[in-house]
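Shown next, in structure tokens, is the structure this report addresses.
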Amino acid sequence: MATGRLGIEETLGALNAALGPGGPVWFKETRARHLRARDFLAPQRALQARFRDGEVPECVFHAVAGLQGPGVAPVLRCARTSAGLELQLQRSAVFERVLGAVADYAAPAAPAAPGSRVLLHCPALRAAPSALRLSQLRAVLVADHLARALHAHGVSVRLVPAVRDRHMSTFLQQLRVDWPVASERAATEALRSRTLAELNPAGDREALPPGVLGNVYLKELVEERGRTAGYDPNLENCLVTEDLLSVLAELQAAVLHWPEVGSLDLAAGGAPDADGCVVVHVVSCEEEFQQQKLDLLWRKLDDQAPLSQKHLVCGPVKVAGVPGTLTAPEYYKYRHAQVCNASALKHSRDLAQDPAWTETFRVLSVATIKFEMLSTAPQSQLLLTLADSSISTKGTKSGIFVMYNCARLATLFEGYKHSMEQGLYPTFPPVSSLDFSLLHDEGEWLLLFNSVLPFPDLLSQTAALDHRAPGLHVTARTETVCKLLVQLSMDFSSYYNRVHILGEPRPHLFGQMFARLQLLRAVCEVLHTGLAMLGLPPLSHI
């Protein structure tokens with residue numbers, strides 16, 4: 001039997017290569033009505049642009065039909081239709097390959113290069129939680145999610161600033177955000193000396209208020225790096241304070257004193273230098289101008305400042321129907337109260353004070369917030385709706401819905417275990433003995449083809465930061481995990497409501513039951529891994 005992980009990206013790459021020189025033509029189908037007939041399509045219009053009169057040469061057609069290669073899914077048939085070239089996979093073989101190696105599909109497709117280092121800087125965490133705006137909360141959650149994705153990808157990640165405010169530290173724990181804490185500030189003597197040498201000569205320094213050192217001219221740096229780099233053309237001066245120097249000193253120390261140096265593949269040994277590190281400033285749109293100043297000031301005052309500094313700017317957060325400003329702690333309390341009220345309605349009693357449910361309500365509140373904040377591309381504007389309708393197991397777009405289906409899966413496997421202990425079902429057989437040709441429901445293929453099989457590529461995409469691209473700004477696809485988990489939950493819910501997984505305890509039905517349970521094991525792996533990327537534990541009840 002063939003071995004090795006199958007991949008959507010590998011299959012698409014091989015399909016496009018089989019058509020010859022030119023841009024990508026093939027795409028993966030995702031909708032159930034299309035997947036009844038095909039898994040991949042090369043549209044007729046694209047073929048007409050590639051080949052004269054849209055006629056695919058016979059040699060090319062045979063190359064596609066007989067497609068093989070590392071990571072390429074086995075092909076069943078290729079057909080010419082009015083829609084274009086349609087390709088369908090050998091589904092039972094794909095089921096066998098994927099479900100026989102479930103753990104391979106809950107990890108990134110390709111690990112990062114050895115020695116990859118990323119410093120994530122989230123300036124919003126220097127504020128007190130009571131002053132944290134929703135746009136800043138969004139930046140914090142994006143940074144936390146990106147850090148987990150990078151770490152899973154094999155990247156060495158440092159997080160700055162270390163939080164000194166104990167109230168902020170408590171709030172981050174409440175949000176299940178994993179961030180370092182510190183009690184002392186970094187030393188600033190060297191930076192202060194360099195700052196005094198760079199201060200603008202004009203003005204009476206003695207008249208400056210306490211903690212302010214003076215102005216440093218930045219205009220020449222903006223012009224040197226070029227307007228196309230993305231710096232604001234209005235950047236001219238930066239008022240340097242002791243607090244600002246402390247921020248720079250912490251960034252400087254984080255880059256130069258990287259932990260676990262021995263595990264990094266660094267040339268010539270010794271401590272890592274700044275040039276081998278990528279700094280990503282994750283900021284709200286309101287903080288962008290100030291962060292550009294800090295970026296340039298670091299370059300001006302520190303000859304060892306990293307050459308690669310990128311800015312991931314999160315779009316604004318608007319709240320529908322709410323006058324004034326809602327702070328992050330107020331938002332959490334609001335969602336937590338809604339979760340408790342929804343549970344009271346569902347269970348016909350108030351469980352908010354029940355110790356057995358306290359942690360569940362906290363997790364559900366955080367899940368609601370994270371799916372709201374992270375399901376939209378971070379660069380885009382986010383509109384929040386605080387209506388109670390978003391706190392429901394029936395709303396298919398919410399974090400509550402995902403957690404509900406996580407609990408349904410846990411209940412399903414607990415039900416199998418209980419029935420097995422009673423002697424109704426046999427123990428789970430070796431996976432190699434399962435007959436996956438018994439999986440022929442369209443919902444089963446939707447779960448595998450749209451969620452399990454693409455998941456490794458999705459994890460890699462989430463951790464992809466194109467820091468070599470020109471310009472100041474970088475984009476991140478931190479919305480992809482939330483979107484996949486929501487779609488996976490929708491597909492599972494539809495399948496679960498229609499198909500009776502744990503059938504009657506009759507020997508001739510066990511083969512299909514075990515094949516289905518193995519598929520749902522893979523679904524569990526994807527779901528739990530995706531939730532871990534969000535800092536959320538799986539729940540066994542809601």
Side-chain angles (χ1 to χ4, degrees), residues 1-15 26 28-30 32 34-40 64-78 86-110 409 412-413 416 425-459 484 488 491-492 495-496 499-503 507-529:
M1 185 182 76
T3 59
R5 188 187 64 82
L6 300 179
I8 296 295
E9 293 300 321
E10 289 88 341
T11 303
L12 283 171
L15 284 170
W26 290 90
K28 173 187 173 294
E29 293 287 9
T30 57
H34 291 146
L35 287 171
R36 291 176 190 134
R38 64 188 184 234
D39 297 315
F40 296 93
V64 170
L67 202 66
Q68 291 182 348
V72 177
V75 175
L76 174 64
R77 64 176 184 85
C78 181
E86 295 186 351
L87 183 134
Q88 190 173 57
L89 301 178
Q90 296 178 28
R91 294 185 176 183
S92 60
V94 175
F95 273 121
E96 184 177 354
R97 290 276 296 276
V98 175
L99 300 183
V102 168
D104 292 346
Y105 294 87
L409 277 164
L412 172 70
F413 282 102
Y416 163 72
Y425 298 136
T427 57
F428 207 96
V431 175
S432 59
S433 69
L434 298 181
D435 182 1
F436 293 110
S437 66
L438 297 172
L439 297 178
H440 43 67
D441 186 276
E442 70 174 30
E444 292 156 358
W445 184 244
L446 273 177
L447 287 169
L448 187 100
F449 192 60
N450 281 348
S451 297
V452 179
L453 187 54
F455 191 60
D457 290 323
L458 179 140
L459 289 178
L484 180 134
L488 172 60
D491 290 339
F492 167 70
Y495 176 67
Y496 185 82
V499 177
H500 192 49
I501 310 297
L502 299 179
H508 70 282
L509 299 176
F510 289 157
Q512 186 177 55
M513 182 188 75
F514 285 127
R516 286 172 169 170
L517 285 174
Q518 182 64 12
L519 169 62
L520 295 183
R521 277 183 174 177
V523 169
C524 267
E525 282 286 328
V526 169
L527 189 55
H528 291 183
T529 302

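FYI, the numbering just counts along the sequence from 1. Note that the structure is a prediction, hence the values are computed from the model and not measured.
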Scan the side chains in residues 437-444 for donor-acceptor partners under 3.5 Å anywhere in the protein, sequence neighbours excluded, and list what turns up.
unit_1, atom_1, unit_2, atom_2, d
Ser437, OG, Asp435, OD1, 2.5
Ser437, OG, Asp435, OD2, 3.3
Asp441, OD1, Gly443, N, 2.7
Asp441, OD1, Arg498, NH2, 2.3
Asp441, OD2, Arg498, NH2, 3.1
Glu442, OE1, Arg36, NE, 2.8
Glu442, OE2, Arg36, NH2, 3.4
Glu444, OE1, His440, N, 3.1
Glu444, OE1, Asp441, N, 3.0
Glu444, OE2, Tyr495, OH, 2.6
Glu444, OE2, Arg516, NE, 2.9

At what distance, to the nearest 0.5 angstrom, does [atom1] of [X] lie from [atom2] of [Y]?
| X | Y | atom1 | atom2 | value |
| --- | --- | --- | --- | --- |
| Arg38 | Arg77 | CZ | CZ | 10.0 Å |
| Phe436 | Arg97 | CZ | CZ | 13.0 Å |
| Leu520 | Leu527 | CG | CG | 11.0 Å |
| Leu89 | Leu67 | CG | CG | 9.5 Å |
| Leu76 | Asp39 | CG | CG | 9.0 Å |
| Leu517 | Leu409 | CG | CG | 10.5 Å |

Quick check: closest heavy atoms across [X] and [Y], and the distance to 0.1 Å?
| X | Y | value |
| --- | --- | --- |
| Ala73 | Val94 | CB-CG2, 4.3 Å |
| Leu6 | Pro74 | CD1-CD, 4.2 Å |
| Asn450 | Leu35 | ND2-CD1, 4.1 Å |
| Arg5 | Ala109 | NH2-CB, 3.4 Å |
| Val452 | Tyr105 | O-CB, 3.9 Å |
| Ser433 | Pro430 | OG-O, 2.6 Å |

Determine yes or no for a side-chain-to-main-chain donor-acceptor pair under 3.5 angstrom, with His500 supplying the side chain and Leu502 the backbone. yes
Side-chain (Glu29) to main-chain (Phe40) donor-acceptor, under 3.5 angstrom: no
Check the angle between the aromatic planes of Trp445 and Phe449 and answer parallel, tilted or perpendicular using the 30° and 60° thresholds. parallel
Parallel, tilted or perpendicular: which fits the ring planes of Tyr425 and Tyr416, with parallel below 30° and perpendicular above 60°? parallel
Measuring only between side-chain heavy atoms, which start at C-beta, is [X] closer than 4.5 Å to [Y]?
| X | Y | answer |
| --- | --- | --- |
| Leu99 | Leu434 | no |
| Phe514 | Pro426 | yes |
| Phe413 | Cys524 | yes |
| Val102 | Val431 | no |
| Thr11 | Lys28 | no |
| Asp104 | Pro456 | no |

Determine, stepwise, if the pair Leu447 / Phe492 fulfils side chain to side chain contact (heavy atoms under 4.5 Å, CB included). CA-CA 7 Å; Leu447 287 169; Phe492 167 70; 4.1 Å; yes
Might you work through the side chain to side chain contact (heavy atoms under 4.5 Å, CB included) test for Trp26 and Leu87, ending with a clear yes or no? CA-CA 10 Å; Trp26 290 90; Leu87 183 134; 3.9 Å; yes
Is there a side chain to side chain contact (heavy atoms under 4.5 Å, CB included) between Phe95 and Gln518? Walk through the geometry before answering. CA-CA 10 Å; Phe95 273 121; Gln518 182 64 12; over 6 Å; no
